[in-house]
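Worksheet: the structure to be examined is printed underneath.
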Amino acid sequence: TIPVRGVTISSKEKVDWEKVSENFDYVYINVGDGLHDDEKFEENYEKAMENKLDVGVVIDNKLGYSGWEKPSDMTKYAEYRYSHVKIGKLMDKNIKYPIYLKIEYDKPISEALPKEYAEDLLDRYELILTHNKYVPGVYTTKENYEYLKENIKDFDERFSIWIMDKEVKEDNVAFST
């Protein structure tokens, strides 16, 4: 097996695409979150294609349950944002890897996304992606993974899992200042 290297890209970074293509085999591009689009998604996608890089997608999940009366209110909004806005942007794209929903909060996930909200959100997310022939994934911390594995039926079988390592610092070889 030959190891491959990848990097995540969002509008937050100024990307040196020559360095990216020299040092990485694929990129994961942020398409936005449940509330906002990443304004550089299209540009980043085009640059990745020009540099012959395989592409995956990350959707940040900024939706917690705070302010929603019931789980379905939050997840209906998420369903609209993910299906009509985010997935709509991907329809004509060559996406080779799973589409990861990034689940990360500033407080414990059990407070930010209680079980019934997490179940409804992930059920709808999975349905939208599989309906559109994409592989659903969850990108999260080890602690959040343990919570989701314990509380979401067949979590490991339904989603491709990507555990973020907070100790690893971004290799700045791909970014210019």
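Every value quoted in this text rests on a predicted model; they were computed, and no experiment measured them. For reference, positions follow the sequence shown, starting with 1.
- In this structure, CD in E143 is found 9.0 Å from CD1 in I163, a value given to the nearest 0.5 Å.
- Counting heavy atoms from C-beta outward, D54 and Y28 have side chains that stay 4.5 Å or more apart.
- Put simply, the side chain of I29 reaches to within 4.5 Å of the side chain of F41, judged on heavy atoms.
- Annotation: side chain of E42 is in contact with side chain of K93 (closest heavy-atom distance under 4.5 Å).
- By the side-chain contact (heavy atoms from CB on, under 4.5 Å) test, E18 pairs with D16, E22, sequence neighbours left out.
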Step by step, would you call Y145 with I109 a side-chain contact (heavy atoms from CB on, under 4.5 Å)? CA-CA 10 Å; Y145 165 75; I109 189 173; over 6 Å; no
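- Hydrophobic clustering, with ILVMFWY side chains joined whenever heavy atoms are under 4.5 angstrom apart, keeps M91 apart from V135.
- Without hydrogens or angle criteria, Y97 side chain to Y26 main chain gives no donor-acceptor distance under 3.5 Å.
- With a 4.5 Å cut-off on side-chain heavy atoms, V57 and L90 count as touching.
- When every heavy atom of Y125 is checked against every heavy atom of G137, the shortest pair comes out as OH-O, 3.3 Å.
- Under 4.0 Å is where a charged nitrogen must lie from a carboxylate oxygen, and between K115 and E150 no such pair does.
- Distance CD/E116 to CG/L121: 12.5 Å, rounded to 0.5 Å.
- Side chain of N132 to main chain of I128: a donor-acceptor pair is present (N/O by atom type, distance under 3.5 Å, no hydrogens or angles).
- For the side-chain hydrogen bond (donor to acceptor under 3.5 Å, both in side chains) test, residues two or more places apart in sequence or in another chain that qualify with Y100 are S160.
- The distance from atom NZ of K149 to atom CG of N144, rounded to the nearest 0.5 Å, is 14.5 Å.
- Contact annotation: the side chain of D38 never approaches that of V31 to less than 4.5 Å [non-hydrogen atoms, C-beta and beyond].
- Ion pairing between D123 and R158 holds under the 4.0 Å rule for side-chain N and carboxylate O.
- For the pair E119/I152, a side-chain contact is recorded, criterion being any heavy-atom separation below 4.5 Å from C-beta on.
- Of all non-hydrogen atoms in Y139 and M164, the two that sit nearest each other are CE1-CB, 3.4 Å.
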Identify all side-chain donor-acceptor contacts of residues 43-53 below 3.5 Å with residues at least two apart in sequence or on another chain.
residue	atom	partner	partner atom	Å
N44	ND2	K40	O	3.3
Y45	OH	N94	N	2.7
N51	ND2	K47	O	2.8

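- Closest approach of L148 and A118 over heavy atoms only: CD2-CB, 4.2 Å.
- Here the closest heavy-atom approach between residue T140 and residue I103 is recorded as OG1-O, 2.6 Å.
- Linking ILVMFWY side-chain heavy atoms closer than 4.5 Å, directly or via other members, places I99 and F155 in a single hydrophobic cluster.
- Using a 4.5 Å cut-off on side-chain heavy atoms (C-beta onward), I161 and D156 make contact.
- When atom types are taken as modelled, the side chain of E111 and the backbone of P108 share no donor-acceptor pair closer than 3.5 angstrom.
- V20 is listed as a side-chain neighbour of V15, based on a closest heavy-atom distance under 4.5 Å.
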